[in-house]
There are 2 protein chains.
Amino acid sequence: MPSDSRTSPPARPMRADARRNYDRLLAAAAEAVAEQGAEASLEEIARRAGVGSATLHRHFPSRQQLLEAVFRDKVEALCARAADLAAGPDPGRALATWLRAVAGHAVSNRGLATALMRGAHDPTLGATCHAMITNAGAGLLARAREANAARPDVSITDLLTLVNAICLTVEQEPDAAAHADRLLTLALTGVHPVAAPAESGPHPADATKQNSLPSGSAMTWNAP
Amino acid sequence: MPSDSRTSPPARPMRADARRNYDRLLAAAAEAVAEQGAEASLEEIARRAGVGSATLHRHFPSRQQLLEAVFRDKVEALCARAADLAAGPDPGRALATWLRAVAGHAVSNRGLATALMRGAHDPTLGATCHAMITNAGAGLLARAREANAARPDVSITDLLTLVNAICLTVEQEPDAAAHADRLLTLALTGVHPVAAPAESGPHPADATKQNSLPSGSAMTWNAP
DNA sequence: ACAGAACCGGAGGGCCACCCCATTTTGGCG
DNA sequence: CGCCAAAATGGGGTGGCCCTCCGGTTCTGT
């Protein structure tokens, strides 16, 4: 790849009206996808943008490409976050925090998880976002592994698949964020009891508190 | 609710031709769903069954009801399996085995996971399969919890959601079964490295007494 | 055999993705 | 400034899907 950054380094810098319509479409798509998820009607998106449907299909030949464009900035933010976290002192916690952040973005931006997963298994153009996320996470996982905070046999793809799977199926529930976080915690820490399972403790000192409620739970998957 | 058992005790036992078409539709649906997943075209199903589309909609007013009918026997098998496993000596392992079985059915029967999850959050008629599975699993989980082989804060719904989430997103991959099993293991045991990677060492029979060692948990949850 | 109930399926409406091509808009150049 | 070819547009057509009416057909009890 020629390795550029921005939208694209067009040999011919896109005509003014084309760019205008492109931007309108992007905005309309963001809106519609936020409301109706990744399967929002393309025609309605075009309609909202005040543009013919043919124009939409010309700018974004596939739904996937549209989604990628819509979520590009969110994905970049996530990658930046990964870079930040990579500087921290606790690789295990950093990875966990980042995965949680991914989940957070996925639930608060309907369609993101879908876009990511579709990019994962579609060799068709537009797998860029998936690749970006994967790269960003790979670094975090590598450090966690070195610090012996993650099994050597787990790949970043596994982890991200899990996160996306959770977010995908929880996406349309009322309190998606809480549920996703809860399930993610479960997946990261395992099902087995973590510590002395105090049942009737009237004092939810530490463990019990996290047990009963989803909460952010800063708990890493380390046994306390 | 009158709550009966078998398929249904129809006051009027269904006319012969109606039953014939019903069966044809079911067979065609099973075929189409196996090939194309839960979103298979209803019209094509009717077409394959050699039946007008109106007939399909008359017998199965919603897609969900069709899916439920298609998968009913698989779900019953799964419930039976749960009952079998409940008799075993090791509740923790029984639960894990059963969840794996659920995953196995879900990956080898496209659309099952979808049907189950849709039934979960749709109050519309046809949530029977989801309820059956949930009930079956609840018993297993209760025993596992008593044996201290599962955290008290995890619900059967969480577990099944996780299983279905994994199967759903892995469903259309080439080696879905292997991948699903892999991710399920990961989710059940957690990401943290096991202290002593399963070596030739004999099982500590009393791993249930585990207090602080993650290794015990990994053992408990490993595949049979 | 007959009448009425149960059942069927073609036709049609509303919506959608995608494509073709006549028409309009841009932007560089004389 | 005006011209014109290339770039971009969008109305309309095609084919598919889901779902519902409704006139015609088939079954079943007597």
Side-chain angles (χ1 to χ4, degrees), chain A residues 7-29 31-33 35-70 111 114-115 118 122 124-126, chain B residues 7-29 31-33 35-70 111 114-115 118 122 124-126:
Chain A
T7 49
S8 64
R12 210 70 64 80
M14 223 185 196
R15 244 169 63 172
D17 54 347
R19 169 140 212 87
R20 190 164 51 82
N21 283 343
Y22 182 95
D23 291 342
R24 285 189 184 178
L25 281 168
L26 219 48
E31 213 180 273
V33 168
E35 287 173 16
Q36 317 174 10
E39 307 301 324
S41 157
L42 296 182
E43 284 212 339
E44 185 182 323
I45 291 175
R47 223 175 292 135
R48 286 195 199 199
V51 150
S53 65
T55 300
L56 185 153
H57 283 93
R58 194 175 309 113
H59 281 298
F60 306 98
S62 76
R63 182 182 292 270
Q64 179 63 20
Q65 285 179 44
L66 177 57
L67 290 177
E68 297 254 343
V70 165
T114 306
R118 279 233 259 272
D122 269 7
T124 63
L125 282 185
Chain B
T7 49
S8 65
R12 208 70 64 78
M14 220 184 200
R15 238 170 67 174
D17 54 347
R19 167 137 216 92
R20 190 165 52 81
N21 282 343
Y22 182 95
D23 291 342
R24 284 188 184 179
L25 281 168
L26 219 49
E31 213 181 273
V33 168
E35 287 172 14
Q36 316 174 12
E39 307 300 323
S41 157
L42 296 182
E43 285 212 338
E44 185 182 323
I45 291 174
R47 224 175 291 135
R48 286 196 200 199
V51 150
S53 66
T55 300
L56 185 152
H57 283 96
R58 196 175 308 114
H59 281 299
F60 306 97
S62 76
R63 174 179 240 106
Q64 179 63 20
Q65 285 180 44
L66 178 58
L67 290 176
E68 297 255 342
V70 165
T114 305
R118 280 232 260 272
D122 270 6
T124 62
L125 281 184

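As the structure is a prediction and not an experimental result, all values here were calculated from the model. Note on naming: letters A, B, ... go to the chains in the order of the sequence lines (proteins, then strands), and numbering restarts at 1 for each one.
- Evaluation of the ring pair (Phe, Tyr, Trp, His ring centres under 6.0 Å) rule for B:Phe60 yields B:Tyr22 as partners, not counting sequence neighbours.
- Looking at which nucleotide of DNA chain D each of A:Glu43 and A:Val51 is closest to, the 5′-most match is held by A:Val51.
- Phosphate proximity of D:dT9 to A:Asn21: present, with a side-chain N or O under 4.0 Å from OP1 or OP2.
- Atom-to-atom, CG of A:Leu56 to C1' of D:dG12 comes out at 17 Å; the value is rounded to the nearest Å.
- Rounded to an integer number of Å, the gap from CD of A:Glu39 to P of D:dC17 is 16 Å.
- Closest approach of A:Leu66 and A:Ala29 over heavy atoms only: CD1-CB, 3.8 Å.
- With sequence neighbours left out, the side-chain hydrogen bond (donor to acceptor under 3.5 Å, both in side chains) criterion links B:Arg15 to B:Asp17.
- Residues passing the side chain to side chain contact (heavy atoms under 4.5 Å, CB included) test with B:Ala49, sequence neighbours excluded: B:Arg24, B:Leu25, B:Ala28, B:Val51.
- Among the protein residues, B:Ser41 comes within range of the sugar-phosphate backbone only, with heavy atoms under 4.0 Å from sugar or phosphate atoms but none that close to a base.
- When heavy atoms are screened at a 4.0 angstrom cut-off, B:Arg19 is found touching no nucleic acid atom at all.
- Under the salt bridge (Lys or Arg N to Asp or Glu O under 4.0 Å) criterion, no residue pair touches residues 51-67 of chain B, with sequence neighbours excluded.
- By the side chain to side chain contact (heavy atoms under 4.5 Å, CB included) test, A:Glu44 pairs with A:Gln36, A:Ser41, A:Arg47, A:Arg48, sequence neighbours left out.
- Each of A:Leu42 and B:Tyr22 lies near DNA chain C, and the nucleotide nearest B:Tyr22 is the one positioned closer to the 5' end.
- If you walk DNA chain C from 5' to 3' and mark each nucleotide with an atom closer than 4.0 Å to a heavy atom of chain A, the marks span C:dC16 to C:dG27.
- Residues satisfying the side chain to side chain contact (heavy atoms under 4.5 Å, CB included) criterion with A:Asp23, sequence neighbours excluded, are A:Arg19.
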Under a 4.0 Å heavy-atom criterion, the protein footprint on nucleotides 20-30 of chain D, written with B, S and -, is BB----BBS--
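- Taking each heavy atom of B:Gly111 and B:Ala38 in turn, the nearest pair found is CA-CB, 3.9 Å.
- Counting to the nearest Å, the P atom of D:dC19 and the CD1 atom of B:Ile45 are 11 Å from each other.
- With sequence neighbours excluded, the residues forming a side-chain hydrogen bond (donor to acceptor under 3.5 Å, both in side chains) with A:Gln64 are A:Glu68, listed by chain and number.
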